[in-house]
Amino acid sequence: MKTSWRSASLVASAVSVLALTTACGQEGGTAASSQNVGVTAPAGTVAGVGSGYGGVGAGTSPSASAPGAVGAGGAAQAGAAGQLAVSANDELGKVVIDAAGMTLYRFDADTAQPPKSNCDGDCATTWPPVPADDATAGDGIDKSLLGEVTRTDGTKQLTVDGWPVYRYAKDANAGDTNGQGVGGKWFALAPDGKKAKSASAAPGLAVRKDPNLGDIVVDKNGMTVYRFVKDQAWPKPVTACLGACVEKWPAVAPVATNDTEGVQKKGLMSFTRPDGVKQMTVNCSPIYTFSGDKAPGDINGQGVGGTWYAVAPDGKLVGAPKQ
């Protein structure tokens, strides 16, 4: 099956590259109520990765003395969350923790609208639901996002922005994030209820909703991407930002078309600049970051000189005066 999938993927990529090449006449692409989820592990064990809830290591039982243990220590996992807080994790960014410092998680098989947990039985042993009772919002947590959902056993489970919240039985100490990415379905909970993602998992280009500009394109590091109005997109990409300009406005390096999220695929390609550097485009328009942006979310380059503007998912300029 793996070979078949890989072959299909390669064929799809080749078709995509051909389409992009045609679009701009340049080198295309880039270089570069709840139900049980069917677990069968014996009670008191943590099921293997093949289980519906993404357990780790069939037959492995966490130490009963650990804070997040199953069995004798299971009561700790079932305890009230207390005051929620935000912890800064080097790999995941901001994640939600309970009063004991334990990382909280969400499950992709659940739903938020309406809130519904799909983790019962042995799944709930490995991923203990966090009770809604006594959970309060601490610094960095919007209390309006806190809610609850009634589970099949009648208990109330905490939700954040509608998503049911869990702990992980294999997290033994405060700050552990062993549940991140388990089974491709379990993720640490970000303060806004979204999934925390490791930096290495972030797409090369994605879309961020800016409170002032709306949907704009950002790079792998979350930095705002810009276009230069003096550049050319058709019939082929041409940059007008060279020399000292490109030091201030670094060219975005090529990104694979399948390494993007929310960005229009048509015209998503790379080209070779006059200085020999390969640069990425969105809808065939060259894209850049700005040296004056110091942190993700900065938009200091917006409107600079009346020639630099953030980029919409379809490649258009955001906030530029109509010509």
Side-chain angles (χ1 to χ4, degrees), residues 16-32 199 202-323:
S16 175
V17 168
L18 179 59
L20 294 174
T21 303
T22 303
C24 300
Q26 277 291 108
E27 52 201 272
T30 111
L205 290 176
V207 176
R208 178 178 69 83
K209 185 173 289 297
D210 183 87
N212 299 305
L213 303 178
D215 288 344
I216 59 175
V217 179
V218 296
D219 70 4
K220 184 180 182 69
N221 299 312
M223 304 303 290
T224 303
V225 166
Y226 300 90
R227 276 184 51 195
F228 186 30
V229 298
K230 295 183 179 181
D231 284 350
Q232 174 181 301
W234 306 95
K236 63 180 182 179
V238 176
T239 178
C241 181
L242 300 167
C245 173
V246 80
E247 294 179 8
K248 188 174 182 179
W249 300 90
V252 174
V255 174
T257 55
N258 62 358
D259 188 26
T260 64
E261 187 175 294
V263 182
Q264 176 181 290
K265 294 295 190 292
K266 180 182 177 182
L268 192 61
M269 54 169 286
S270 66
F271 73 103
T272 302
R273 298 165 45 87
D275 54 15
V277 173
K278 288 187 178 294
Q279 182 172 2
M280 193 62 190
T281 74
V282 174
N283 198 20
C284 297
S285 293
I287 56 174
Y288 311 77
T289 52
F290 180 46
S291 61
D293 286 346
K294 303 303 182 184
D298 285 353
I299 52 171
N300 299 318
Q302 178 66 7
V304 168
T307 56
W308 291 91
Y309 296 92
V311 182
D314 61 1
K316 293 181 180 179
L317 300 167
V318 175
K322 293 184 178 180
Q323 300 296 325

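Bear in mind that the values here come from a model prediction, so they are computed numbers and not experimental data. All heavy atoms count here, side chains included; hydrogens, waters and symmetry mates do not.
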Nearest heavy-atom pair of [X] and [Y]: which atoms, and what distance?
X: Val311; Y: Tyr226; value: CG2-C, 3.5 Å
X: Val282; Y: Leu205; value: CG2-CD1, 4.3 Å
X: Tyr288; Y: Ala240; value: OH-N, 4.5 Å
X: Glu247; Y: Ser291; value: O-CB, 4.2 Å
X: Gly303; Y: Tyr309; value: CA-CE2, 3.7 Å
X: Ile299; Y: Arg208; value: CG2-NH2, 3.9 Å

Exercise. Before giving the answer on ring-ring contact (aromatic ring centres under 6.0 Å, His included), spell out for Phe228 and Trp249 the whole-Å C-alpha distance, their side-chain angles and the decisive distance to 0.1 Å.
Key: CA-CA 9 Å; Phe228 186 30; Trp249 300 90; 7.8 Å; no

Please report the interatomic distance [atom1]([X]) to [atom2]([Y]), rounded to the nearest 0.5 Å.
X: Ile216; Y: Thr224; atom1: CD1; atom2: OG1; result: 4.0 Å
X: Lys248; Y: Cys241; atom1: NZ; atom2: SG; result: 10.0 Å
X: Lys236; Y: Cys284; atom1: NZ; atom2: SG; result: 12.5 Å
X: Gln302; Y: Asn212; atom1: CD; atom2: CG; result: 9.5 Å

Quiz item: Is a donor on one side and an acceptor on the other found under 3.5 Å between the side chain of Asn283 and the backbone of Ser285?
Solution: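 No, Asn283 side chain to Ser285 backbone: no donor-acceptor pair under 3.5 Å.
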
Quiz item: For the side chain to side chain contact (heavy atoms under 4.5 Å, CB included) test, which of Asp231, Val229, Leu317 pairs with Thr307?
Solution: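 Checked Asp231, Val229, Leu317 against Thr307; only one passes side chain to side chain contact (heavy atoms under 4.5 Å, CB included): Val229.
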
Exercise. From the options Thr281, Val252, Val217, Val255, select the one residue that forms a side chain to side chain contact (heavy atoms under 4.5 Å, CB included) with Ile287.
Key: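 Testing Ile287 for a side chain to side chain contact (heavy atoms under 4.5 Å, CB included) against Thr281, Val252, Val217, Val255 leaves exactly one candidate, Val252.
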
Any side-chain heavy-atom pair of [X] and [Y] under 4.5 Å:
X: Pro286; Y: Arg227; value: no
X: Val225; Y: Met280; value: no
X: Phe271; Y: Thr239; value: yes
X: Asn300; Y: Lys294; value: no

Self-check item: CD/Gln232: more than 12 non-hydrogen atoms of other groups inside 6.0 Å
Solution: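 Count over threshold, so yes.
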
